2 protein chains.
Amino acid sequence: MTKQRAVILEVIRSDMCHHTADEIFTLAKERLPGISRATVYNNLKALESAQLIRRITGDSLSDRYDNSYVPHGHMICEECGQVKDFNLSNFDKQLSDAIGSEFNSYELKVRYVCDVCKQNECAKTAGE
Amino acid sequence: MTKQRAVILEVIRSDMCHHTADEIFTLAKERLPGISRATVYNNLKALESAQLIRRITGDSLSDRYDNSYVPHGHMICEECGQVKDFNLSNFDKQLSDAIGSEFNSYELKVRYVCDVCKQNECAKTAGE
DNA sequence: TAATTTTTTAGAATTATTCTAATTTTTTCA
DNA sequence: TGAAAAAATTAGAATAATTCTAAAAAATTA
């Protein structure tokens, strides 16, 4: 665990946001000005192999990183892009039944419009 | 519906594979040698907006396209990369309950090892 | 401490995708 | 039908995320 790796992990754990590699690079740079982009990418990979974080793909152009390795759902607001976590009870069992096999992990993303944006939408529509 | 768009849609519908944009470009080129990459990308977007196909993100570096717009699960073998479809019954209800809101779509990917690869793995292990 | 291994760094290279501007095709409707 | 307008296509340049490379630095081992 080098100091670069420690800082990267701290950045990811410091809030509930699901940051992109580039955001993590920027945040890590505040504490370790000399850090290089390649180091961030290398360590994100290493941390995922070590099951300390989880990569979540496909929300935007760039991948994001979750501070928990345990699979769970992500709900993504289509208006503001905010990502929240959620859980389904007994989902592992349900999933292995459905695919007829054990599995290693899953990724579940739901696209919706969050309450705040829903209100704004109504406001916008009403104003027209 | 231009002839380029028709060919792209045919390519996607011609088999059960979930092709990448680049594969679709190559396959479309066989039938329409002058077709351009930009046309493929433009039309994949247009076809998705028209709800005729669905983009699936994050399986590999490049996005893939599904010949059905209706959300369903994808099970991805971690060894050979093959993608299969699967369904969960009553999943829509379960999902909206879990997130406490209606949603627009979801994406569910399960990583596992398919039967064929599982056997090969055993064979490999046994041979060592 | 010396030797070896691992990590980091800066920047080049690669890959997927988007953008641009010119051209072609399609559509509209007089 | 045919001129005008709108939409789609093309080739290639531009962009953005990520990976690669080779040299330097740091950490580990003996």
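Chain A is the first sequence line, chain B the second, and so forth, proteins listed ahead of strands; every chain is numbered from 1. Below, all heavy atoms of this structure are taken into account, side chains as well, without hydrogens, waters or symmetry copies. A quick note: this is a predicted structure, and the numbers were derived from the prediction, not measured.
In DNA chain D, runs of at least 3 consecutive Watson-Crick or G-U pairs, each pair with both distances below 3.5 Å, span C:1-30 with D:1-30.
Heavy atoms of other residues, nucleotides or ligands lying less than 6.0 angstrom from CG of A:N90 number 12 at most.
In this view, B:D15 and B:C17, B:H19 satisfy the side-chain contact (heavy atoms from CB on, under 4.5 Å) rule, not counting sequence neighbours. Judged as a side-chain contact (heavy atoms from CB on, under 4.5 Å), and not counting sequence neighbours, the contacts of A:N87 are A:H72.
Near DNA chain C, defined here as any heavy-atom distance below 4.0 Å, there are no residues from residues 13-27 of chain A.
A:R111 pairs with exactly one of A:M75, A:E78, A:H74 by the side chain to side chain contact (heavy atoms under 4.5 Å, CB included) rule, that one being A:E78.
Screening residues 25-38 of chain B for side-chain hydrogen bond (donor to acceptor under 3.5 Å, both in side chains) gives B:E10-B:R31, B:D22-B:R37 as the qualifying pairs, with residues at least two apart or on separate chains.
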Collect all protein-nucleotide pairs involving nucleotides 20-26 of chain D in which both atoms are nitrogen or oxygen and the distance is under 3.5 Å.
none

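Contact annotation: A:Y41 reaches the phosphate of D:dT18 (side-chain N/O to OP1 or OP2, under 4.0 Å). A close approach under 4.0 Å does occur between a side-chain nitrogen or oxygen of B:Q4 and OP1 or OP2 of D:dT10.
The same ILVMFWY cluster, assembled from side-chain heavy atoms under 4.5 Å apart, contains both B:M1 and B:I24.
Side chain of A:T39, nearest nucleotide from C:dA16, C:dT8, D:dA11: C:dT8. Considering only the side chain of A:S36, C:dA10 comes nearest among D:dT18, C:dA10, C:dT8.
Among the protein residues, B:T2 comes within range of the sugar-phosphate backbone only, with heavy atoms under 4.0 Å from sugar or phosphate atoms but none that close to a base.
Using a 4.5 Å heavy-atom threshold, the side chains of B:L44 and B:I12 count as touching. Residues A:I8 and A:I53 are not in side-chain contact: their nearest non-hydrogen atoms beyond the backbone lie 4.5 Å or more apart.
Put simply, the side chain of A:K109 gets close to the backbone of A:T57: a donor and an acceptor are under 3.5 Å apart.
Rounding to whole angstrom units, CE of residue B:M1 and P of D:dA8 are separated by 11 Å.
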